[in-house]
Trainee: 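First the structure, which I've put down as structure tokens, then a few questions once you've had a look.
Quick note: numbers below take in every heavy atom, side chains included, and nothing from hydrogens, waters or symmetry partners. Because the structure is predicted, anything quoted here is derived from the model rather than measured. Throughout, residue positions are numbered sequentially from 1 according to the sequence presented.
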Amino acid sequence: MGAAPSVWLVMVALLGVHLAGMGAFLTVPVLAPAIAAETGLSPSLTGFHTAMVYGGALISGPFTAALLRAWGGVRLLQVALCVIAAAILLALVGEAWALAASALLGGFGHGPVTPAGSHLLASRAPPHRRGLIFSLKQTGVPAGNMLIAALAPAVGVAFGWRWGVVVVAVMAVAIAASLQPLRAALDSDRDAQARIDGGALRDAAASLRLLREDPALLGLTLAAAGLGASQFCFASFFVVWQVESLGVPLAQAGVALALGQASGALGRVAWGILGDRLGARPVLIALALGTAASALLLALAGPSWPQAGIVLAGMAMGATAVGWNGLLLGELARLAPPGRAGGATAAMGVVFGAAMILSPSAFSALVIVTGSYAPGFLLCAGLALAGTGALFIGRVANPAGRGR
């Protein structure tokens, strides 16, 4: 066996996984206006699509610890990306039932992605660079959103929305295949005799108990739920809001979202560096407050605003609502008991997923009831403020040896 891959190579590989994995969430929402034109479905239903993706993630996420033990992190990520690709291709049917099944299956594939990445990085990232490394890895999320937001609508306009779907699915399979050279070294900790049976349920329950036993982990998890609601409502509705409410062409609206996601990617790196110097918590509090302010700005925006103003508001939302993940995941890995970073991240994913089922659905319901997207963006602002408060839970719960 050759030399073990460096933490930076592992981080780059995981960045690619996140980049492709976001296809489960964003492919259908960014193509929603084109799909709606063919199917007659309302584009505002994209919130329910996001909710169903997280419903699928809630099923698979709690079993991540058992899957990691049996398969190893790399193999689990390869399987996850292939499931996501199959789910995206299911949307080609173009029927309401197929779009719903696509969302659920895509979420099922995505559930283990973040915990598996944390498992592979937690023991390899040096403590003084943990925030930066986790943040760099998590730039794959906004980078994936940026790529999909720009590419899928452009392909859809040129060749039809189904070709936009195919391009994203092929990308997921290609990145899954590219991970194979890393498997021997990175999956050496797997137990080939392990089985996915009733013990997986016990592992899932044990992961959730971490939140009950540790207020600091619980506070971070609740903060992630509040901030994540704003992040994914922004990703799901920013394009369709521009098209439906502002009259912006689909491809142009996709570029605006791509710029917002690019702002989030740059923000994740900057916030990771700042968090390593100042501590994660104060930076996360600032990001939560910035998310609330940015969501309020979108709620106030209207057709009279210049396009440059819409783009800048989207970039502000991206920098804050999209920029927090790597810093928070690095802090979660720091506070988790030794060897339990993957389990703590999976437990966070369960709570996060439940919030993601409720919040985009509530956003869609508000649009349907009021005929406006402004109440939905106000909901995002409120949830971000709630996340700010959650960051103070367990502030003094920091056992010796688990923090700076």
Trainee: Apply side chain to side chain contact (heavy atoms under 4.5 Å, CB included) to the pair M171 and L19, showing each step before the final yes or no.
Mentor: CA-CA 9 Å; M171 179 175 65; L19 188 150; 3.6 Å; yes
Trainee: Sequence neighbours excluded, which residues qualify as ring pair (Phe, Tyr, Trp, His ring centres under 6.0 Å) partners of F238?
Mentor: F234, W241
Trainee: Parallel under 30°, tilted from 30 to 60°, perpendicular over 60°: which one fits the rings of F363 and Y373?
Mentor: tilted
Trainee: Heavy atoms only: give me the nearest I310-A301 pair and the separation to one decimal.
Mentor: CD1-CB, 3.8 Å
Trainee: Of all the heavy-atom pairs spanning L31 and G164, show the shortest one and how long it is.
Mentor: CD1-C, 4.3 Å
Trainee: Is there a side-chain contact between L99 and M52 in this structure, where contact means two heavy atoms from C-beta onward sitting under 4.5 Å apart?
Mentor: no
Trainee: SG of C380 to CG of L385: how many Å apart, nearest 0.5 Å?
Mentor: 11.5 Å
Trainee: Partners of Q180 by side chain to side chain donor-acceptor pair (under 3.5 Å), sequence neighbours excluded?
Mentor: R75, Q78
Trainee: Please name the pair of heavy atoms, one in P33 and one in P29, separated by the smallest distance, quoted to 0.1 Å.
Mentor: CD-O, 4.2 Å
Trainee: First locate atom CZ of F237, then atom CD of E244, and finally report the distance between them rounded to the nearest 0.5 Å.
Mentor: 11.5 Å
Trainee: Please determine whether the number of non-hydrogen atoms from other residues, nucleotides or ligands lying under 6.0 Å from atom CH2 of W163 exceeds 12.
Mentor: no
Trainee: Under the side chain to side chain donor-acceptor pair (under 3.5 Å) rule, collect the residues that match up with R162, sequence neighbours excluded.
Mentor: E38
Trainee: Among residues at least two apart in sequence or on other chains, which ones pass side-chain contact (heavy atoms from CB on, under 4.5 Å) with A13?
Mentor: L179, L182
Trainee: Partners of A57 by side-chain contact (heavy atoms from CB on, under 4.5 Å), sequence neighbours excluded?
Mentor: Y54
Trainee: Where do G272 and L327 come nearest, in terms of heavy atoms and distance?
Mentor: CA-CD1, 4.3 Å
Trainee: Working note: M348 + L328, criterion side chain to side chain contact (heavy atoms under 4.5 Å, CB included); need CA distance, chi angles, decisive distance, verdict.
Mentor: CA-CA 11 Å; M348 184 197 75; L328 190 144; 3.8 Å; yes
Trainee: Can you tell me how far apart CH2 (W161) and OG1 (T27) are? Round to the nearest 0.5 Å.
Mentor: 11.0 Å
Trainee: Could you please spell out the steps behind the side chain to side chain contact (heavy atoms under 4.5 Å, CB included) verdict for D276 and I273?
Mentor: CA-CA 5 Å; D276 283 336; I273 294 172; 5.8 Å; no
Trainee: Does the side chain of F377 reach to within under 4.5 Å of the side chain of L300, using non-hydrogen atoms?
Mentor: no
Trainee: Test Q261 against V322 for side chain to side chain contact (heavy atoms under 4.5 Å, CB included), laying out the working first.
Mentor: CA-CA 7 Å; Q261 297 294 340; V322 180; 3.6 Å; yes
Trainee: To the nearest 0.5 Å, how far apart are CG in L298 and CE in M317?
Mentor: 6.0 Å
Trainee: Given side chains that start at C-beta, do those of L14 and V113 come closer than 4.5 Å, heavy atoms only?
Mentor: no
Trainee: Got Q242 and Q307 here, is their nearest side-chain heavy-atom distance under 4.5 Å?
Mentor: yes
Trainee: What's the separation between atom CG in L383 and atom CG in L379, rounded to the nearest 0.5 Å?
Mentor: 4.5 Å
Trainee: Between the side chain of T388 and the main-chain N/O of A384, is any donor-acceptor distance below 3.5 Å?
Mentor: yes
Trainee: Is the closest side-chain heavy-atom distance between L287 and L227 below 4.5 Å?
Mentor: no
Trainee: Backbone N or O of A321 within a donor-acceptor pair of the T291 side chain at under 3.5 Å?
Mentor: yes
Trainee: What I'd like to find out is whether the side chain of V28 reaches to under 4.5 Å of the side chain of I35, using heavy atoms alone.
Mentor: yes
Trainee: Determine the minimum heavy-atom distance between A24 and I88, stating which atoms define it.
Mentor: N-CD1, 4.2 Å
Trainee: Just by distance, do the side chain of T221 and the backbone of L217 share a donor-acceptor pair under 3.5 Å?
Mentor: yes
Trainee: Taking the side chain as everything from C-beta on, heavy atoms only, tell me whether S236 gets closer than 4.5 Å to H49.
Mentor: no
Trainee: Who passes side-chain contact (heavy atoms from CB on, under 4.5 Å) against L222, sequence neighbours left out?
Mentor: L218, V351, A390, I393
Trainee: Within this structure, what is the CG-CD1 distance for the pair L257 and I148, rounded to the nearest 0.5 Å?
Mentor: 10.0 Å
Trainee: Do S60 side-chain atoms and G109 backbone N/O form a donor-acceptor pair below 3.5 Å?
Mentor: no
Trainee: Looking only at heavy atoms, which two atoms of L68 and G73 are closest? And how far apart?
Mentor: CD2-CA, 3.5 Å
Trainee: Is the shortest side-chain heavy-atom distance between T39 and E95 below 4.5 Å?
Mentor: no
